[in-house]
Amino acid sequence: MITDLILGTAGHIDHGKTSLIKSLTGVDTDRLPEEKKRGITIELGFAELELDDFRLGIVDVPGHEKFVRQMLAGATGMDIAVLVIAADDSVKPQTREHFEVLRMLDLSAGLIVLTKCDLADPDWIELVEQEARELVEDSFLAEAPIIRTSSATGQGIPELKAALLEAANHVAQNRQQSISEPFRMAIDRAFTIAGHGTVVTGSVSSGQANVGDQMMIEPNSIEVRIRGLHNHDRVVDSVHRGQRAAINLAGIHHDQVMRGQELASAGHLIASRLITVRLDILQSAVRPLKNRARIRLHIGTAEVLATVSLLDAELVTPGETTFAQLFLSEPVVSTWNQPFVLRSESPIMTIAGGRVVVPVAAKIRRANQSTLQYLQDLTDKDALRRASAAIYFSGSSFASPLELARTAGIPNGETVFQQLIDDKLVVPLHRTGHKKIYFHSQLLDEAGGRIRAALERRHDLEPLKSVFDRTSLAAQFNYLGPASVFDAILERLNRTKQVRLTANGVGLAARGPSLSKGEQELLKQLIQRYLKAGFQPPTVKECQKESVKNQQSVPQLISLAATDGDLIEIGDKLYLHCEVEQQLRDTLSDALGEGVGMTLSEIRELLKTTRKYAVPICEYLDRTGFTDRDGDLRRLNKRQATI
């Protein structure tokens, strides 16, 4: 069975990369007239090399400093790297920059190839090899073989093929798993062919695609269908991880697609203008990276201007690692642990690299110790810790364990997800008529703390109130997502006796009205006043006029009594004592037998009150469903009649 891998070249301009590929494959990857004229590679070139059970798709990248962006695009999806150094020229600036890029891509295998060995003395070549070893010290190329070659004489080409075969065997493990993952290909070229339409090319980084498959172009969420597939000029029915692919798309004009976008399985990628990353500042960086610095982000085949927000420092010095958020000038797609490169805005030079930890992020205003620990957990080898942290940073948007492939690098994450639920680290919230959503318990606890703090402030401002309007409080926490999330948090707080809930109000369980002795006495008097008034209760203003002291406190004291259940509000600022309200229900239950109806006047006479009070009392009974109105008659609600 043939295993497909991507081989990429890197190195300084005019060090013989294109000639080396031609010696290996017979293919001249300089395809543009300008490249032929100038003798340098400007755009990406492609070739193919078969070695035993391996088929290597070769990407030839430009070596000139002006074309590093093309080099970065070509490095996407690379499995094996060949660092090319001309034996007659040795290590040069672009050799170093290309090597730093390769190191940041976290490759596991590669070779060092000395070209033009026919043009240099053996002693000089020894010095070049020594300089190459010093360059790659403490990297994935530290133990890599150095192959001496000459494209002019054919020297070293058999040895190079043997070394490439050994490297291919080294990286070929776990390829089947990556083929079973969702399809993804970063687009490095897009063009149109007469009679066929839009064609995109790239290196397939995961999954498999077949003719007829429905796919999505991201960013922009453009639905497309695969009309045809090519792999190195061969018509094929499918392409998969490790292959170069040219894909003919239906449903899109070529003007709608460009380098930097990605072709992927529907729902696999989500575009974002904010990502959270782990940053590694190059030891060779000429200056520290400051907070709020403007940089160029290279990720996949995309290049985007961005602003860096450092999470736990004002600057990071060369050689240091830190967490940061990147605010992007336009959206990009990424997945957990995807490598990227940062270059300074001006002068343009490579300054850092790193890995994406949260591909669709929310702004972190203050990175406390808890937040930094969860970010650290996202770099952990333990899948359970990564999944927990990924769900924490997903907020209210996490809906399925399938998302763990994108947010935590855990394909088939159902088992890990269920373990988090069993451990009560993840809480499912039920939404009427909607799918469940899942919240990290830490997020619920943090939100609960903010709700308690908001209630504390309200208690301080209005010390005579025991509960506050639930709707207005909920409005402060719209950012939590659906209303069911806020309700679920309140229920958690209520179960642990941190808050108390009424039909429309919520307050802190440990906070009650702070009443002076005079106010406490006045409250008792008011409650007694309503009890004695029976079905002819006083208005709030009447109570104020009757009070000798603390008149300004009367409205709040009456509201407090209603909150505590001593009074029942039957109309606008009109209350009955709770015992009187129960007497009202008992009296009418006896009077309104089965099928019996009474007029307003009859109810007024029964209660021995006046029309002034009988009207709001009857309207209250209708509103609460105790009675039903039938013309001029009021009858006992059928449900009440059966109780």
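Just the heavy atoms: all of them, side chains too, but no hydrogens, waters or symmetry mates, feed the values below. Numbering of residues begins at 1 and proceeds along the displayed sequence.
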Note to self: Taking the six-membered ring for Trp, are Phe323 and Tyr374 closer than 6.0 Å centroid to centroid?
What the structure shows: no
Item checked: is_close_aromatic(Phe439, Phe398), centroid dist under 6.0 Å -> no
Side chain [X], main chain [Y], donor-acceptor under 3.5 Å:
X      : Y      : result
Ser394 : Ala390 : yes
Thr496 : Arg492 : yes
Asp423 : Leu425 : no
Thr95  : Lys92  : yes
Arg241 : Ser206 : no
His440 : Ile391 : no
Thr3   : Ala172 : no
Asp382 : Leu384 : yes
Arg273 : Ser329 : yes
Asp89  : Ile85  : no

Notebook entry, point to check: Can a cation-pi geometry be assigned to Arg386 and Trp336, taking NZ or CZ under 6.0 Å from the six-membered ring centre and within 45° of the ring axis?
Noted result: yes
Notebook entry, point to check: Does Arg287 CZ have over 12 foreign heavy atoms under 6.0 Å away?
Noted result: no
Next item on the list: Please indicate whether Glu223 has more than 12 foreign heavy atoms, meaning atoms of other residues, nucleotides or ligands, lying under 6.0 Å from its CD.
Entry: no
Item checked: Worked verdict on Glu97 versus Arg343 for salt bridge (Lys or Arg N to Asp or Glu O under 4.0 Å) -> CA-CA 11 Å; Glu97 186 166 18; Arg343 306 189 83 209; 2.7 Å; yes
Next item on the list: Identify which one of Glu131, His12, Glu129 satisfies the side-chain hydrogen bond (donor to acceptor under 3.5 Å, both in side chains) criterion when paired with Ser90.
Entry: Glu131
Next item on the list: Mind checking the OG1-CG spacing from Thr415 to Leu404? Nearest 0.5 Å is all I need.
Entry: 11.0 Å
Margin query: Quick check for you: to the nearest 0.5 Å, what is the distance between Leu493 atom CG and Gln498 atom CD?
Written below: 5.0 Å
Which heavy atom in [X] sits nearest to a heavy atom in [Y], and how many Å separate them?
X      : Y      : result
Leu5   : Asp79  : CA-OD2, 3.4 Å
Leu279 : Ala352 : CD2-CB, 4.4 Å
Tyr438 : Ile421 : CE2-CD1, 4.0 Å

Check: Among Thr350, Ile351, Leu297, which residue meets the side-chain contact (heavy atoms from CB on, under 4.5 Å) test with Val341?
Finding: Thr350
Checklist line | Salt bridge Glu303-Arg296, side-chain N to carboxylate O under 4.0 Å | finding: yes
Check: Can Arg244 and Asp4 be counted as an ion pair, charged N to O under 4.0 angstrom?
Finding: no
Indicate every side-chain donor-acceptor pair of residues 304-321 with a distance under 3.5 Å to a residue at least two apart or in another chain.
from: Asp312; atom 1: OD1; to: Thr322; atom 2: OG1; distance (Å): 2.8
from: Thr317; atom 1: OG1; to: Glu320; atom 2: OE1; distance (Å): 3.1
from: Thr317; atom 1: OG1; to: Glu320; atom 2: OE2; distance (Å): 3.4
from: Glu320; atom 1: OE1; to: Thr317; atom 2: N; distance (Å): 2.9
from: Thr321; atom 1: OG1; to: Asp280; atom 2: OD1; distance (Å): 2.7

Test item: side-chain donor near acceptor, [X] and [Y], under 3.5 Å:
X      : Y      : answer
Thr115 : His15  : no
Asn368 : Thr371 : yes
Gln442 : Glu446 : yes

Table please: side-chain donor-acceptor pairs of residues 356-366 below 3.5 Å, with sequence neighbours left out.
none

Notebook entry, point to check: How far apart are the C-alpha atoms of Leu263 and Ile247, what are their side-chain angles, what is the distance that settles it, and do they pass the side-chain contact (heavy atoms from CB on, under 4.5 Å) test?
Noted result: CA-CA 10 Å; Leu263 181 67; Ile247 304 179; 3.6 Å; yes
Check: Are Leu114 and Ile147 side-chain neighbours, meaning at least one heavy-atom pair lies under 4.5 Å?
Finding: no
